[in-house]
Amino acid sequence: MRLLDIRNLTVGFSQHDGLVQAVRGMTLHLDEGESLGIVGESGSGKSVTCMAALRLLREPPAKIAADRMVLAGVDVLKARGADLAQLRGKAAAMIFQDPMTAFDPSFTIGHQIAETILAHRPVRKTVARGEAQALLARVEIKNPAAVLDSYPHQLSGGMLQRAMIAMALSCRPEILFADEPTTALDVTVQAQILQLIKDVQTEFGMGLIMVTHDLGVIAETVDRVLVMYGGRVMEQAPVQQLFDAPAHPYTAALLASIPGRAGGRQRLTEIPGTSPNPSNPPSGCPFHPRCPVALPQCSQEMPALRSTAPGRDVACWRVQ
Ligand SMILES: Nc1ncnc2c1ncn2[C@@H]1O[C@H](COP(=O)(O)OP(=O)(O)O)[C@@H](O)[C@H]1O
Ligand SMILES: [Mg+2]
């Protein structure tokens with residue numbers, strides 16, 4: 001079953017000095033039990049895409065349009081009131097880079113997870129609290145009873161991220177959105193959290209959307225990868241194919257910037273040039289000003305996202 005179907009999504013923000021075009025014609029889908037990585041440099045529109053899918057953006061200033069956007073059977077663009085509540089929590093849950101922002105500092109972790117459960121299911125308070133404790137244990141928090149009564153500031157970043165995963169799981173969502181879930185954590189904790197997300201995805205039978213600027217994070221976490229640049233999809237491929245044979249010059253440049261790859265180069269090589277200004281995006285393909293193999297037409301027209309093999313799409317004039 002298709003869990004998420006987004007076609008031609010555009011998201012703009014109107015500002016006093018003009019329009020910020022954050023997402024410009026994004027198409028993506030996710031099937032049951034599948035995991036998708038969304039990768040791209042900072043500012044490419046990854047978070048805005050996820051926030052739009054959950055209708056978490058304030059409208060206005062955000063303006064969302066799409067030919068179709070359906071999440072776990074909910075028509076996202078038409079959702080109002082009860083449908084919106086269904087969308088966030090039951091259909092999908094999101095974990096963020098900074099778990100501190102997801103929790104209210106003035107209530108205990110247990111209270112907040114229990115409240116989330118109570119908002120979606122008619123159970124008694126004691127049952128909700130028991131479930132919250134069981135979820136904390138499931139996310140491998142060693143002393144769940146104590147953490148239940150802790151305030152957010154009393155926990156480490158890694159513990160708080162585990163608690164946020166517990167809260168996300170509490171409504172048994174069909175899709176879990178994880179937006180840079182390990183970026184703010186110590187390297188040693190990062191791998192544990194990624195493994196945990198992978199494990200609960202399988203156990204709870206959820207779809208997973210893993211957003212990151214770091215290709216290294218997704219290599220062992222997702223089935224399929226979508227590469228974004230300047231609010232557009234550049235390439236989409238099964239993860240191994242993307243690593244073995246990147247088709248888009250931007251994907252190749254991203255891969256070359258992973259330390260230890262690209263012919264054994266140990267230093268991180270930044271992609272030369274700067275990312276596009278979303279208030280004044282370049283004409284044609286947004287990557288053309290930085291592309292080492294750009295053709296004359298690249299500055300004139302955005303190439304369509306074309307299928308080059310089953311499950312493989314590329315938007316590049318070089319790959320036609
Ligand atoms: N509320 C907002 N108002 C104006 N511009 C925004 C807003 N949120 C995001 N943007 C802009 O949209 C673009 C995409 O942002 P985002 O999706 O957060 O990028 P990332 O890929 O790093 O997650 C950026 O240029 C960002 O500055
Ligand atoms: Mg982001």
Side-chain angles (χ1 to χ4, degrees), residues 1-16 18-40 43-96 101-102 116 119-120 168 171-180 206-211 222 224-236 276 278-279 281 286 302 304-305 307 313 315:
M1 198 191 87
R2 190 136 288 188
L3 283 181
L4 178 62
D5 191 6
I6 299 180
R7 294 189 205 157
N8 198 24
L9 169 71
T10 60
V11 185
F13 295 95
S14 34
Q15 292 189 324
H16 59 278
L19 183 73
V20 175
Q21 296 177 280
V23 176
R24 304 197 289 151
M26 170 91 182
T27 292
L28 74 82
H29 68 90
L30 184 78
D31 290 333
E32 214 165 292
E34 206 189 5
S35 53
L36 173 73
I38 303 183
V39 186
S44 53
K46 307 181 297 294
S47 297
V48 167
T49 298
C50 299
M51 305 270 280
L54 288 178
R55 290 285 296 276
L56 290 171
L57 298 168
R58 208 154 47 83
E59 301 164 62
K63 192 168 184 314
I64 303 174
D67 294 343
R68 182 177 164 84
M69 186 146 68
V70 178
L71 196 166
V74 180
D75 186 335
V76 176
L77 293 173
K78 294 208 183 94
R80 303 270 180 281
D83 281 347
L84 278 180
Q86 164 94 3
L87 192 64
R88 305 168 194 145
K90 218 156 159 359
M94 188 155 168
I95 55 179
F96 301 90
T101 57
T116 308
H120 289 92
C171 298
R172 311 230 154 210
E174 295 190 54
I175 306 184
L176 181 66
F177 287 82
D179 190 355
E180 309 260 9
M206 300 177 291
L208 172 68
I209 293 198
M210 170 73 71
V211 171
V222 300
R224 196 154 53 85
V225 185
L226 193 143
V227 179
M228 280 189 85
Y229 187 83
R232 295 191 189 270
V233 179
M234 298 280 117
E235 176 165 11
Q236 169 164 229
S279 308
M302 176 66 196
L305 190 65
S307 175
D313 304 307

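Remember, predicted model here, so these are calculated numbers, not experimental data. Only this structure's heavy atoms are used, side chains among them; waters, hydrogens and symmetry mates stay out.
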- Task: For the residue pair L28 and L9, establish whether any side-chain heavy-atom pair is separated by less than 4.5 Å.
- Result: no

- Message: Quick check for you: to the nearest 0.5 Å, what is the distance between Q86 atom CD and H120 atom NE2?
- Response: 7.5 Å

- Measure the CG-CZ distance between D75 and R80 for me, rounded to the nearest 0.5 Å. 9.5 Å

- Message: Just to verify, what does T10 make a side chain to side chain donor-acceptor pair (under 3.5 Å) with, not counting sequence neighbours?
- Response: none

- Item | Side chains of I175 and L4 in contact at under 4.5 Å (non-hydrogen atoms) | yes

- Task: Please step through side chain to side chain contact (heavy atoms under 4.5 Å, CB included) for the pair M51 and M94, ending with a clear verdict.
- Result: CA-CA 9 Å; M51 305 270 280; M94 188 155 168; 4.1 Å; yes

- Query: Roughly how far, to the nearest 0.5 Å, is the CE atom of M69 from the CG atom of D5?
  - Reply: 11.0 Å

- Query: Taking atom CG of L30 and atom CZ of F177, what is their separation to the nearest 0.5 Å?
  - Reply: 8.0 Å

- Taken to the nearest 0.5 Å, the spacing of H29 NE2 from R7 CZ works out to 9.5 Å

- Smallest separation among heavy atoms of D179 and S47, with atom names: OD2-OG, 2.6 Å

- Note on the structure: Scanning both residues in full, the closest heavy-atom pair of R24 with G230 reads NE-O, 3.5 Å

- Message: Check whether K46 reaches the backbone of M228 with its side chain - one donor and one acceptor, N or O, closer than 3.5 Å.
- Response: no

- Query: What are the two closest heavy atoms between S279 and V20, and how far apart are they?
  - Reply: OG-CG2, 3.9 Å

- Query: Is there side-chain contact between V233 and T27, with heavy atoms separated by less than 4.5 Å?
  - Reply: no

- Output yes when a side-chain donor or acceptor of R224 lies under 3.5 Å from a complementary backbone atom of Q236, and no otherwise. no

- Message: How close do L3 and G33 get, counting heavy atoms only, and between which atoms?
- Response: CD1-N, 4.3 Å

- Task: Grab the two heavy atoms, one from A92 and one from L54, that are nearest each other, plus how far apart they are.
- Result: CB-CD2, 3.4 Å

- Which atoms form the tightest heavy-atom contact between V23 and M26, and what is the distance? CG1-CB, 3.5 Å

- Below 4.5 Å, heavy atoms only, C-beta onward: do L36 and V222 meet side chain to side chain? no

Please tabulate, for side-chain N and O atoms in residues 55-67, each donor-acceptor pair with protein atoms closer than 3.5 Å (sequence neighbours left out).
{"unit_1": "R55", "atom_1": "NE", "unit_2": "E59", "atom_2": "OE2", "d": "2.9"}
{"unit_1": "R55", "atom_1": "NH1", "unit_2": "V76", "atom_2": "O", "d": "2.6"}
{"unit_1": "R55", "atom_1": "NH1", "unit_2": "L77", "atom_2": "O", "d": "3.3"}
{"unit_1": "D67", "atom_1": "OD2", "unit_2": "N8", "atom_2": "ND2", "d": "3.3"}

- Side-chain contact, heavy-atom cut-off 4.5 Å: M302 with P286? yes

- Note on the structure: Value for CE (M210) from CD (E180), rounded to nearest 0.5 Å, stands at 10.0 Å

